Engineer: 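Here it is, the structure in full.
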Amino acid sequence: MSKLLQNKRILLVIGGGIAAYKSLDLIRRLKERGAMVRAILTEAGAQFVTPLAVGAISGERVFTSLFDLADEQDVGHIRLARDTDLIIVAPATADLLAKMANGLANDLASTALLATDKPVLVAPAMNPRMWDHAATRRNADRLRQDGIRFVGPNTGAMAERGESGLGRMAEPIEIADAAATLLGATGAGGVLTGRRVIVTSGPTHEPIDPVRVLANRSSGRQGHAIAAAAARAGADVTLVSGPVALPDPAGVKVVKVETAEEMLHAVGLALPADIAVFAAAVADWRVKRAKNSKVKKGKSGPPKLDLVENPDILATVATLDDNRPALVVGFAAETDDVVAHARKKLKRKRCDLIVANDVSPASGVMGGVSNTVHLVSAAGVETWPTMSKSDVAEKLIARFAELLG
Ligand code: C5P
């Protein structure tokens with residue numbers, strides 16, 4: 001076991017959900033990696049695991065109450081929140097996420113989370129309907145904007161009989177790995193150690209005039225997750241990203257661009273690489289001559305946009321004579337005949353692998369957190385079950401490593 005978290009101090013907030021039983025294993029995994037773990041057990045969390053069990057496994061005193069005078073005298077919630085390198089919230093219940101998103105501070109856990117100046121990683125765990133609820137989505141989006149990092153949730157069976165879906169807490173090992181990435185630990189011995197990886201992500205914005213652009217709805221979540229997973233696997237990663245509202249993944253060199261032409265240029269500069277993953281939703285067209293001043297509404301009606309085709313970055317890189325990465329991976333976002341279109345794209349663009357997904361509005365993939373993908377290569381088609389975009393990323397990285405051999 002590599003000591004990726006050697007000498008790191010972690011404050012674990014255990015919320016009140018059935019997944020709290022896994023927090024005991026999480027403490028073990030974090031300690032195995034060298035971390036010192038202190039825990040705050042919420043009142044609801046204490047309904048699922050006892051302070052005695054948490055204390056026995058962490059080997060540290062367990063904190064439960066904001067108004068415990070002894071705690072306030074010798075540690076205090078402010079110090080508890082700051083004398084740490086990272087706070088992990090696992091399980092992060094819908095209630096805890098709502099409190100965090102709104103800045104509530106009415107118990108020790110929420111107060112510490114508001115008082116901290118350290119990175120925070122949350123591992124949501126709840127019933128799929130609760131995760132899917134507009135209120136929870138809103139809270140999660142706001143927390144992401146606030147720089148809070150997420151790991152999971154995963155798809156799978158729920159504690160409630162017969163229920164399954166997106167909402168299971170990420171596995172303790174995944175949470176420990178995400179913590180290591182966040183703290184900038186390099187994955188010595190990871191499957192991509194020594195490899196160079198380029199990932200494109202997000203939409204491109206093609207200017208019409210100084211205030212208007214042609215764009216698309218890509219959030220960049222899948223591409224960013226792949227870049228983060230590659231970094232966790234030890235790769236040297238350059239992420240070329242269009243405009244997104246996501247934080248930069250830990251341990252990744254991020255090059256920010258606006259247009260397809262800028263993206264192509266940035267990818268060219270980042271070569272050579274062993275793997276290139278083109279997850280960006282590049283605008284197919286740009287306005288031939290963007291105006292230098294704002295186009296005004298007028299009597300002559302709407303302006304005619306003279307569009308020209310953008311360079312195909314994936315096809316350009318896949319057909320390079322020199323410098324072609326050993327593994328060139330494209331994405332195919334389709335609203336119908338997903339696999340058939342992906343097969344054609346594989347041939348036309350000369351890439352090694354296409355990750356195809358259904359982005360019809362009903363699928364919720366565009367902008368959402370989960371994805372159902374088909375891997376299309378010369379060897380055939382493989383369909384993966386629906387899972388979170390971070391799980392898709394992890395599995396893709398493992399596959400890339402296998403393919404590189
Ligand atoms: O042709 P289509 O846009 O559907 O192809 C999608 C794949 O090609 C994605 O991997 C995308 O990142 C890549 N692409 C590109 N440059 C473009 C258009 C698409 O790299 N101009």
Side-chain angles (χ1 to χ4, degrees), residues 197-207 213-227 230 237-244 246 254-271 273 275-288 307-320 323-325 327-360 363 365-367 371 373-378 381 389 392-393 396-397 399-400 403:
V197 178
I198 301 173
V199 183
T200 69
S201 183
T204 63
H205 281 186
E206 310 295 335
V213 295
L214 286 179
N216 62 66
R217 294 185 192 280
S218 167
S219 67
R221 286 217 173 100
Q222 187 63 78
H224 276 55
I226 291 169
V237 185
T238 302
L239 171 65
V240 181
S241 174
V244 295
L246 300 173
V254 184
V255 182
K256 293 184 178 158
V257 299
E258 295 270 331
T259 67
E261 288 182 302
E262 287 167 11
M263 190 172 270
L264 176 63
H265 181 68
V267 167
L269 291 178
L271 285 168
I275 308 174
V277 184
F278 296 91
V282 182
D284 289 317
W285 309 284
R286 67 176 182 278
V287 178
K288 194 168 178 184
L307 298 180
V308 288
E309 206 151 294
N310 264 329
D312 191 313
I313 306 166
L314 163 60
T316 306
V317 172
T319 52
L320 286 175
N323 257 353
R324 184 195 191 275
L327 193 59
V328 176
V329 182
F331 272 68
E334 302 286 352
T335 52
D336 43 75
D337 292 334
V338 178
V339 170
H341 279 117
R343 278 212 179 92
K344 282 187 200 141
K345 208 161 283 181
L346 182 78
K347 287 217 178 83
R348 194 174 70 237
K349 304 211 182 196
R350 313 248 174 127
C351 47
D352 304 296
L353 189 67
I354 289 269
V355 182
N357 54 3
D358 180 353
V359 293
S360 57
S363 73
V365 165
M366 221 59 177
N371 208 348
V373 305
H374 315 270
L375 252 53
V376 181
S377 69
V381 181
K389 287 180 180 174
V392 169
L396 283 175
I397 292 301
R399 180 59 60 89
F400 297 164
L403 290 171

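We count ligands from 1, going down the list as the structure has it; atoms in each ligand are counted the same way. Since the model is a prediction, treat every value here as computed from it, not as a measurement.
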Engineer: Report the nearest protein non-hydrogen atom to atom 18 (C) of ligand 1: residue, atom name, distance rounded to 0.1 Å.
Structural biologist: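 That would be Val282 CB, 3.8 Å.
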
Engineer: Should Leu375 and Leu396 count as side-chain neighbours, where that means a heavy-atom distance under 4.5 Å?
Structural biologist: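 In contact.
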
Engineer: So, for Ser377 and Leu353, which heavy atoms are closest and what is the spacing to 0.1 Å?
Structural biologist: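 So the minimum-distance heavy-atom pair works out to CB-CD1, 3.7 Å.
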
Engineer: Is there a side-chain contact between Leu314 and Cys351 in this structure, where contact means two heavy atoms from C-beta onward sitting under 4.5 Å apart?
Structural biologist: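 Leu314 reaches Cys351 side chain to side chain.
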
Engineer: Nearest to atom 21 (N) of ligand 1, what protein heavy atom do you find, and at what distance?
Structural biologist: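 Minimum-distance protein heavy atom for atom 21 (N) of ligand 1 reads Pro311 O, 2.8 Å.
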
Engineer: Give the residue and atom name of whichever protein heavy atom lies nearest to atom 16 (N) of ligand 1, and the separation in Å to one decimal.
Structural biologist: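 Sorting protein heavy atoms by distance from atom 16 (N) of ligand 1 puts Ile313 N, 3.0 Å first.
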
Engineer: Which protein heavy atom lies closest to atom 20 (O) of ligand 1, and at what distance to 0.1 Å?
Structural biologist: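 Closest protein heavy atom to atom 20 (O) of ligand 1: Leu314 N, 2.8 Å.
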
Engineer: Which residue and non-hydrogen atom of the protein lie closest to atom 10 (O) of ligand 1, and at what distance in Å?
Structural biologist: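 The closest heavy atom on the protein side is Phe278 O, 2.5 Å.
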
Engineer: Output yes when a side-chain donor or acceptor of Asn371 lies under 3.5 Å from a complementary backbone atom of Val392, and no otherwise.
Structural biologist: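 Such a contact is absent between Asn371 side chain and Val392 backbone.
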
Engineer: Is it true that Asp312 and Lys345 have a side-chain N and a carboxylate O under 4.0 angstrom from each other?
Structural biologist: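 No, this pair does not count.
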
Engineer: At a 4.0 Å threshold, what atoms of ligand 1 neighbour a non-hydrogen atom of Gly330?
Structural biologist: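 Once the distances to Gly330 are compared, the set is 10 (O).
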
Engineer: Can you tell me if Lys349 contacts ligand 1 (heavy atom of the residue under 4.0 Å from the ligand)?
Structural biologist: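 The answer is yes: ligand 1 sits under 4.0 Å from a heavy atom of Lys349.
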
Engineer: Mind checking whether Lys345 has an N or O less than 3.5 Å away from an N or O of ligand 1?
Structural biologist: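 There is such a contact, yes.
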
Engineer: Identify, by atom number and element, the atoms of ligand 1 in contact range of Ala280, meaning under 4.0 Å from any of its heavy atoms.
Structural biologist: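 In order of numbering, the contacting atoms are 11 (C), 12 (O).
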
Engineer: Looking only at atom types and distance, does a side-chain atom of His341 sit under 3.5 Å from a main-chain N or O of Asp336, one as donor and one as acceptor?
Structural biologist: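 It does hold such a pair.
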
Engineer: Within a strict 4.5 Å, meaning less than it, do heavy atoms of the Ile354 and Val329 side chains meet?
Structural biologist: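 Counting from C-beta outward, Ile354 and Val329 never come under 4.5 Å.
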
Engineer: When you measure from atom 3 (O) of ligand 1 to every protein heavy atom, which one gives the shortest distance, and what is it?
Structural biologist: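 It is Asp284 OD1, 3.9 Å.
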
Engineer: Please check this pair: side chain of Gln222 against backbone of Ala279, looking for a donor-acceptor N/O pair closer than 3.5 Å.
Structural biologist: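 No, the answer is negative, given that no donor and acceptor are paired below the 3.5 Å cut-off.
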
Engineer: So which protein heavy atom does atom 7 (C) of ligand 1 come closest to, and at what separation?
Structural biologist: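 So the nearest neighbour among protein heavy atoms is Phe331 O, 2.9 Å.
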
